[in-house]
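Heads up: the structure comes next, in structure tokens.
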2 protein chains.
Amino acid sequence: MNEKTRQRRSAFDREAGVAIAQALFHERGYDAVSLADLTAAMDINPPSFYAAYGSKAALFERAMLRYAHENSLPLDELLAPDRPPAEAISALLLAAAKQYGRDSILRGCMITEGMRANDQAARQMAENLAHGGIQAIRAYLDEVHPQDAQALADYIAVTLRGLSASACNGMSSKRLMEVAQAAGRFIARELEASESTAAS
Amino acid sequence: MNEKTRQRRSAFDREAGVAIAQALFHERGYDAVSLADLTAAMDINPPSFYAAYGSKAALFERAMLRYAHENSLPLDELLAPDRPPAEAISALLLAAAKQYGRDSILRGCMITEGMRANDQAARQMAENLAHGGIQAIRAYLDEVHPQDAQALADYIAVTLRGLSASACNGMSSKRLMEVAQAAGRFIARELEASESTAAS
DNA sequence: CGATTTATATAGTGGTCACTAAATAAACTG
DNA sequence: CAGTTTATTTAGTGACCACTATATAAATCG
């Protein structure tokens with residue numbers, strides 16, 4: 001009975017699939033999201049997945065790029081050259097803390113946390129993307145505070161990583177923001193101190 | 001031919017097995033170490049593993065406890081009540097940075113990084129252990145700086161997490177220590193500031 | 001409309017995962 | 001030395017992993 005008549009849907013929306021993958025990867029991390037999870041969430045079969053994206057890692061990269069385009073901190077605005085550096089850096093840290101703790105499911109920074117994936121290819125992609133962000137901060141500091149741009153950039157990078165990881169383990173938005181504000185205040189004091197040192 | 005004569009070795013050293021597991025879990029993280037990795041490193045078969053440890057997660061807990069016993073920061077000494085708090089906290093951060101970057105293979109804090117495991121049971125065990133450390137710092141701050149012990153404890157916790165994660169992604173010991181020293185300096189200034197505020 | 005291309009559907013692949021049943025050798029106990 | 005316990009051995013388990021060979025339906029295009 002019921003001989004053949006195999007049916008077929010039209011092509012699925014591949015950009016929508018990237019958005020779905022972005023949410024899953026952000027929520028659970030690269031390794032904890034399986035192909036079966038992805039194809040189920042997109043309501044497609046594995047061959048459609050591979051025809052569209054090539055591999056799980058390639059889709060992860062597209063998802064991170066989409067995340068960066070949609071959610072990355074507006075470094076250009078935050079770190080505007082005409083702003084007082086202390087204010088700019090404080091604003092950056094606070095904006096990060098706000099974003100990392102905003103959503104109850106999508107915690108922390110998807111790219112920062114991607115750097116701790118077990119899969120080597122996925123980790124490398126995240127590291128490359130994160131490097132760009134750190135470089136932008138470093139370039140800004142080279143302009144506004146060249147005497148110890150590296151140390152400040154490292155301090156900011158470590159603080160951002162700590163904020164992201166803490167957000168992932170449930171630290172509340174309020175507490176994240178308080179830590180960010182404290183760090184911003186500390187940097188402001190440090191800039192003041194080295195300004196007056198330089199002026200003496 | 002060669003009928004039977006199955007041989008058997010004596011029991012393996014279970015404590016040595018915990019040490020081997022500790023190194024593997026610290027190096028790669030809980031999820032990235034397989035049963036096969038563990039049994040191969042210990043040179044035993046899976047049934048010996050389960051007879052000795054019960055499960056992979058249970059061994060992870062024993063390995064973390066061993067790590068804590070062997071490597072955990074001597075909070076009692078670092079945070080001695082008769083020490084100036086600013087000095088004690090700076091010493092704590094610097095000691096952490098030193099330890100996280102000391103070994104080229106065993107990077108960061110095994111327990112802190114365990115909190116990001118994909119396996120729920122392993123993550124919970126790490127969170128419970130980490131909570132103890134944070135609580136010790138919090139109790140110390142309640143004694144020496146009760147007016148904002150929570151904010152300071154959060155700042156320290158976030159900084160420690162950032163240092164650990166950064167160590168895992170290759171930040172050099174030198175840079176980790178510079179960040180820790182900067183954070184310690186910032187906290188010293190903050191304590192000074194709030195002391196003088198309180199005195200006014 | 002007919003030919004070609006594209007992306008779907010079914011139904012798998014081999015590999016690895018944590019874990020175990022059954023048999024038996026060593027160690028322990030009387 | 002005999003009986004019991006303990007921990008080893010071999011040889012698997014089913015579940016899940018990322019990924020794919022083959023067939024065919026829809027979309028595209030002359």
Side-chain angles (χ1 to χ4, degrees), chain A residues 1-18 20-21 24-25 28-64 114 117-126, chain B residues 1-18 20-21 24-25 28-64 114 117-126:
Chain A
M1 305 298 146
N2 66 353
E3 295 176 356
K4 68 194 61 110
T5 65
R6 181 202 220 173
Q7 287 296 19
R8 218 202 93 176
R9 290 175 293 174
S10 331
F12 78 103
D13 183 338
R14 295 180 175 190
E15 281 305 319
V18 176
I20 291 170
L24 283 176
F25 283 136
R28 303 189 214 157
Y30 179 80
D31 306 290
V33 177
S34 72
L35 239 300
D37 292 333
L38 290 164
T39 54
M42 296 180 193
D43 192 26
I44 59 174
N45 300 112
S48 298
F49 179 96
Y50 284 94
Y53 308 116
S55 72
K56 183 187 169 188
L59 175 60
F60 182 59
E61 183 159 44
R62 283 187 64 175
M64 279 195 296
N118 292 319
D119 184 274
Q120 139 75 21
R123 195 169 57 241
Q124 188 64 59
M125 291 169 182
Chain B
M1 310 301 145
N2 64 356
E3 296 176 356
K4 64 194 64 103
T5 64
R6 178 203 220 171
Q7 288 295 20
R8 218 203 94 175
R9 291 175 293 176
S10 333
F12 77 103
D13 183 336
R14 296 180 173 190
E15 280 305 318
V18 176
I20 290 171
L24 284 176
F25 283 135
R28 303 187 212 157
Y30 179 79
D31 306 290
V33 177
S34 71
L35 239 298
D37 291 334
L38 289 163
T39 53
M42 296 180 191
D43 192 26
I44 60 174
N45 302 111
S48 298
F49 179 96
Y50 284 94
Y53 308 117
S55 71
K56 183 186 169 189
L59 175 60
F60 182 59
E61 183 158 45
R62 282 187 65 174
M64 279 196 298
N118 292 318
D119 184 274
Q120 140 75 20
R123 195 169 58 241
Q124 188 65 58
M125 291 168 180

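Worth saying up front: this structure is predicted, and the values here are computed from it rather than measured. Numbered from 1 within each chain, the chains take letters A, B, ... in sequence-line order.
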In terms of side-chain heavy atoms of [X], which of [options] is nearest?
| X | options | value |
| --- | --- | --- |
| B:Leu35 | C:dA18, D:dT6, D:dC19 | C:dA18 |
| A:Pro46 | D:dT20, D:dC17, C:dC17 | D:dT20 |
| A:Arg8 | D:dC17, D:dA26, D:dA7 | D:dA26 |
| B:Lys56 | C:dC19, D:dT9, D:dC19 | C:dC19 |
| A:Gln7 | D:dA25, D:dA27, D:dT20 | D:dA25 |

Starting at atom [atom1] of [X], determine the distance to atom [atom2] of [N], rounded to an integer number of angstrom.
| X | N | atom1 | atom2 | value |
| --- | --- | --- | --- | --- |
| A:Leu38 | D:dC19 | CG | P | 11 Å |
| B:Asp37 | C:dA18 | CG | C1' | 12 Å |
| B:Phe49 | D:dA11 | CZ | P | 22 Å |
| A:Ile44 | C:dT6 | CD1 | P | 18 Å |
| A:Met42 | C:dT8 | CE | P | 11 Å |
| A:Leu59 | D:dA18 | CG | P | 12 Å |
| B:Asp31 | C:dT16 | CG | C1' | 15 Å |
| A:Phe60 | D:dA18 | CZ | P | 13 Å |

Hey, does the side chain of [X] come within less than 4.0 Å of [N]'s phosphate (OP1/OP2), counting only N and O?
| X | N | answer |
| --- | --- | --- |
| A:Ser10 | D:dA27 | yes |
| B:Ser48 | D:dA7 | no |
| A:Asn45 | C:dT8 | no |
| B:Tyr50 | C:dC19 | yes |

Close side-chain approach of [X] to [Y], heavy-atom, < 4.5 Å:
| X | Y | answer |
| --- | --- | --- |
| B:Thr39 | B:Asn45 | no |
| B:Tyr30 | B:Arg123 | no |
| A:Met42 | A:Arg14 | no |

Do B:Arg6 and C:dT24 share a donor-acceptor pair, side chain to base, under 3.5 Å?
-> no
Does any N or O donor sit under 3.5 Å from an N or O acceptor when you compare the side chain of B:Arg9 with the base of C:dA26?
-> no
Would B:Asp37 and B:Ser34 count as having a side-chain donor-acceptor pair, cut-off 3.5 Å?
-> yes
Ignoring hydrogens and geometry, is there a side-chain-to-backbone donor-acceptor pair from B:Tyr53 to B:Phe60 under 3.5 Å?
-> no
Between A:Ser34 and A:Pro47, which has a closest nucleotide on DNA chain D that is more 5'?
->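 The 5'-side residue here is A:Ser34.
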Name the residue closer to the 5' end of DNA chain D, choosing between A:Ser55 and B:Ala11 according to the nucleotide with the nearest heavy atom.
-> B:Ala11
Just checking B:Phe12: base, sugar-phosphate only, or nothing, at a heavy-atom cut-off of under 4.0 Å?
->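 Touches sugar-phosphate only.
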Below 4.0 angstrom, N of the basic side chain to O of the carboxylate: do A:Lys56 and A:Asp119 qualify?
->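 Not counted as a salt bridge, because no side-chain N and carboxylate O are separated by less than 4.0 Å.
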